[in-house]
Amino acid sequence: MKTLDNQNQNGAEKALTSLAAFTQQYQRLEAGGLGWANHLIGLHEAKVALVTGGSGGIGSQIARVLAVSGAKVMLAARRTAQLSEVQAAIIKELESIGYADPAARVQIQPECDISDPNQVTRLVTHTLELFGQVDYLVNNAAVSGGEAMVMDLPLEIWRQTLDANLNSNYALLRLLAPQMKARNSGFVVNVSSYFGGEKYVAIAYPNRADYAVSKAGQRAMVETLARSLGPEIQITAIAPGPVDGERLRGSSARPGMFSRRARVILDNKRLNDVYTLLVKLQRTPEQTVTELLPTLLVNDVPAVMQDPRQPEALRQLATVIWEQSDPAGSSRSHFLNESLAHKLMGRLKKGGYLPTTSAASQPESVQPILAVAPPDPFFSPAEYEREGQGVQSRNLGMLYLKKMPTDLDLAITLAYQLADHNVTGETFYSSGGLRVERAVTEGELFGKAGHERLEKLQGTTIYLVGEYLQQHLTRLAQTFLDEYAVQRIVFLTHSPEAAQTLLEALPVHYRGERVVALATEGQLEVGFDRARQLYGPPVAIISTPFQPLPTCRLTGSSTGDWSQVLSPADFAGMVEQHITHHFRIAQKAAFLDAVRLVLVTPATDTHSSDEEFALANFIKTTLHAFTATLGAESERSVHYGAVNQVDLTRRARDEEPRNPSEAEEELTRFVNAVLLTSAPLPNPQESRYRSRIYRGNAITV
Ligand code: COA
């Protein structure tokens, strides 16, 4: 008993001594502005972290906090000077804490563009050479994207965003996973965004579809790969909303996030007002776009207001602009600036309102379009300020915690998460997440389209885009033609062979010229325009993928063989075929009046492998961000199309058709889902659910 008392006393003394040491350490850290590091020092000792986008913002703070926690860090980024500054600052802090050889602990890889696969390989090789291992991969680097509506977003920018923000994440993971798995130590964190959505919920991010899709893909990747990478490798995502830091506040080189959003809003509102006017006037018999355009490009708002020969709608727009704009900006007296004029011409050309030989055939050209270029500023500083303040206060009101985290807050949270060995496949939301009214939930197919709606398909033209889902495409064509008296089905395939096979599957209609087929052979947009020229615009477009999903493994074999595992190129190819493919079709559809666009995700059944099922879920989740965003944007468009997604991928494998009769039943359900989403919309008087039903839903067959 006595011995035990002595032991207790010794234990208590030791505890008191270490508490005193701890308090002393805290006081020392606090004096150096590092009080937050007290519990973290040593937490990640002997670990190696690779952090992309480490030259500023969240990335530099993550690298800093992990280094302070004892990890060796490699920071990669494009900006050399900033990266060196961050490196020097971290080394200084490590010195002040007392880490041995701090310079060797913090390495950088400058001029590293992670959207380039060669540079990704170089980064991984260099890191492994220096440190011998990577335990933590933090996929943080990201670009902002095109910050434009889908109808204006150039395909190259779309691809760049997906390469930088999404494909790069898989490429790095794929290169590092073999050694992580073999060493039984790996944690991958994708820095996504609240605008990447939540499980089964997509968030519309108008004017930023490329960014939203890349962020949804980062989150979906985590859900998809967690099972195959575990238990050795954990993979999670963090989804910050607005973060109080460099990116949000901006710098001398780049305006802050809310100011940039204000610019996008002001620009788009003006562009949409002018474009809407032209399209509406073109619909009337009096005036065509070609006749009106010269007046607009003279760019004189007061002159138009006072000229009774101008169409009433144009004079009204001029009056609204004059009365509502700030006199401190030239946007009051001019309809457009050069940049908006180029965008307008691009739209008019893409929408088929202008002959392709006009100046509009080169919307990206730097040739001035306007007769009078307005002096700067176009929108006044006060207008930017007001709009930016509006965005900021609306956004802060959406945060559950009513406060934004800082870059450092996020980095500290992440450092603690990396010490949790029992979590994978999850996404963590800072500030408790955002309340977003436009959240669109994935749903199951309920009911069928009303007969009175379907009857309106009679005599119309429908485009069916696709190649490998031949049974689905043929059944759709038969239903549209035989049951709903559609005048013509236009198949748009990739290859001439698929075009021929589809035509031959419908011999009677083929002979009667009610089905036609065009092979696009890599030139989707050209094929689409050709179809429009030959057969007129469609009332509905059903976009199915050209290729099936890759059938690769998602992790190495038990013997450590990774040669059969989905490569970075396979991953990028899948994103191109199943996501970008739909973007290209959607961009064409965005210029058609009241068109119903249906995006179809890959089919899986009981014969599909677990990997195909996992990838199909990745695609449907990622694509839903696009569908939801496009749905919100199309409500702001004069063309007011509807967009929905039909998922041939079920949530659970036991829902997949198991035998021919169930496969037949599923085919009928697929046709019903397409009918529901491609039939004409009820008008607002007929259904108050109109916008709820047609705003970017995803329906599982
Ligand atoms: N064409 C015409 N009008 C447009 C437009 C367009 N392309 N884009 C926006 N507008 C209009 C909207 O309709 C709205 O008009 P209203 O005031 O008459 O209703 C106005 O501009 C304000 O738009 P915004 O506040 O941006 O709303 P939104 O629905 O377009 O987007 C959010 C909502 C939340 C996405 C947006 O506020 C936002 O970007 N927030 C910041 C996001 C963020 O925190 N990001 C950090 C993590 S990545």
Side-chain angles (χ1 to χ4, degrees), residues 53 57-58 140 142-153 161 165 190-197 202-216 218-219 237-250 255-277 320 324 340 343-344 347 379 383-384 386-401 403-405 407 410 427 429-431 433-440 590 625 628-640 691 695-696:
I58 303 175
N140 165 72
V143 295
S144 300
E147 299 189 302
M149 293 178 83
V150 167
M151 67 197 306
D152 300 318
L153 194 58
T161 308
N165 296 6
N190 287 354
V191 181
S192 172
S193 156
Y194 195 75
F195 291 92
I203 310 284
Y205 200 174
N207 311 311
R208 293 195 74 185
D210 51 348
Y211 184 83
V213 167
S214 71
K215 295 288 144 185
Q218 286 185 294
R219 184 179 61 78
I238 52 171
V243 175
D244 189 2
E246 184 190 282
R247 188 163 155 249
L248 182 123
R249 287 163 191 261
M257 198 182 69
F258 294 138
S259 316
R260 288 216 316 283
R261 183 79 189 175
R263 179 174 293 272
V264 172
I265 291 171
L266 289 172
D267 276 358
N268 270 295
K269 279 186 170 174
R270 177 60 64 89
L271 179 62
N272 282 352
D273 286 345
V274 174
Y275 177 72
T276 300
L277 172 93
V320 170
Q324 294 184 1
L340 291 180
K343 280 195 179 153
L344 177 72
R347 277 193 188 181
F379 295 110
E383 283 171 305
Y384 281 126
R386 196 171 44 242
E387 196 63 56
Q389 287 292 337
V391 174
Q392 175 159 356
S393 65
R394 282 194 293 280
N395 275 269
L396 290 184
M398 286 157 70
L399 295 174
Y400 276 104
L401 280 184
K403 74 176 177 80
M404 290 185 275
D407 290 333
L410 275 181
T427 298
Y429 298 88
S430 59
S431 300
L434 293 172
R435 280 179 297 119
V436 178
E437 282 166 16
R438 282 188 186 281
V440 186
T629 299
L630 191 62
E633 283 186 11
S634 64
E635 280 176 39
R636 292 170 187 174
S637 160
V638 59
H639 301 295
Y640 206 96
S691 63
R695 199 167 65 190

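Both ligands and their constituent atoms are indexed starting at 1 by order of listing. Below, all heavy atoms of this structure are taken into account, side chains as well, without hydrogens, waters or symmetry copies.
Closest heavy-atom approach to atom 27 (O) of ligand 1 within the set Glu635, Arg636, Met149: this belongs to Arg636. Within the set Phe258, Tyr211, Tyr205, the minimum heavy-atom distance to atom 45 (N) of ligand 1 is found for Tyr205. Taking all heavy atoms of Arg394, Arg260, Gln392 into account, the minimum distance to atom 22 (C) of ligand 1 is reached by Arg394. Taking each of Ser192, Ala148, Ala632, Pro242 in turn, the one with a heavy atom nearest to atom 44 (O) of ligand 1 proves to be Pro242.
Of the polar atoms of Arg261, at least one N or O is found under 3.5 Å from an N or O of ligand 1, judged by distance alone. Of the N or O atoms in Glu387, none lie within a sub-3.5 Å distance of an N or O in ligand 1. Between Arg208 and ligand 1, no N or O atom pair is found at a separation short of 3.5 Å.
Set against the non-hydrogen atoms of Met398, the atoms of ligand 1 under 4.0 Å away are 34 (C). With ligand atoms numbered from 1 in the order given, ligand 1 contributes 29 (O), 30 (O), 31 (O) to contacts under 4.0 Å with heavy atoms of Pro206. Interface of Met257 with ligand 1, defined as ligand atoms under 4.0 Å from a residue heavy atom, comprises 43 (C), 44 (O), 45 (N), 46 (C). Per-residue contacts place Asn207 under 4.0 angstrom from the following atoms of ligand 1 (heavy atoms of the residue considered): 5 (C), 6 (C), 7 (N), 8 (N), 9 (C).
Rounding to the nearest 0.5 Å places OG of Ser431 at 10.0 Å from CG of Asp244. Note that the CZ atom of Arg394 and the CZ atom of Phe258 stand 10.0 Å from one another [nearest 0.5 Å]. Distance CZ/Arg270 to CG/Leu340: 8.0 Å, rounded to 0.5 Å.
With hydrogens and angles disregarded, a donor-acceptor distance shorter than 3.5 Å links the side chain of Arg435 to the backbone of Gly397. At least one donor-acceptor pair under 3.5 Å links the side chain of Glu633 to the backbone N or O of Asn207. Proximity of a side-chain donor or acceptor of Arg347 to a complementary backbone N or O of Met151 within less than 3.5 Å is not detected. Remark: side-chain polar atoms of Asn140 are not paired, donor with acceptor, to backbone N or O of Val191 under 3.5 angstrom. Panel note: side chain Asp210, backbone Gly146; a donor-acceptor pair is recorded below 3.5 Å.
Under 4.0 Å from ligand 1, the heavy atoms of Ser193 that appear belong solely to its side chain.
Ligand 1 lies nowhere less than 4.0 angstrom from a heavy atom belonging to Tyr194. The closest approach between any non-hydrogen atom of Glu633 and ligand 1 is not below 4.0 Å. The shortest heavy-atom distance from Lys215 to ligand 1 is not under 4.0 Å.
Looking from atom 1 (N) of ligand 1 to the surrounding protein, the closest heavy atom is Asn272 ND2, 2.6 Å. Closest to atom 6 (C) of ligand 1 among all protein heavy atoms lies Asn268 CB, 3.5 Å. Annotation: atom 11 (C) of ligand 1 to nearest protein heavy atom, Lys269 CE, 3.6 Å. Taking atom 41 (C) of ligand 1 as the reference point, the nearest protein heavy-atom neighbour is Asn395 OD1, 3.2 Å. Of the protein's non-hydrogen atoms, Ile265 CD1, 3.4 Å is the one closest to atom 23 (O) of ligand 1.
Considering every non-hydrogen atom in both Ala625 and Ala212, the closest pair reads CB-O, 3.8 Å. The minimum heavy-atom distance between Gly433 and Tyr194, with the atom names listed, is CA-CE1, 3.8 Å. Shown here for Gly197 and Ile203, the closest heavy-atom pair between the two residues is CA-CG1, 3.5 Å.
Per-atom contact check: atom 19 (O) of ligand 1 does not touch the protein, criterion being a heavy-atom distance below 4.0 Å.
Between the side chains of Arg208 and Tyr205, at least one donor N or O sits under 3.5 Å from an acceptor N or O.
With Thr161 as the fixed residue, the side-chain contact (heavy atoms from CB on, under 4.5 Å) test singles out one of Val143, Val213, Leu153: Val143.
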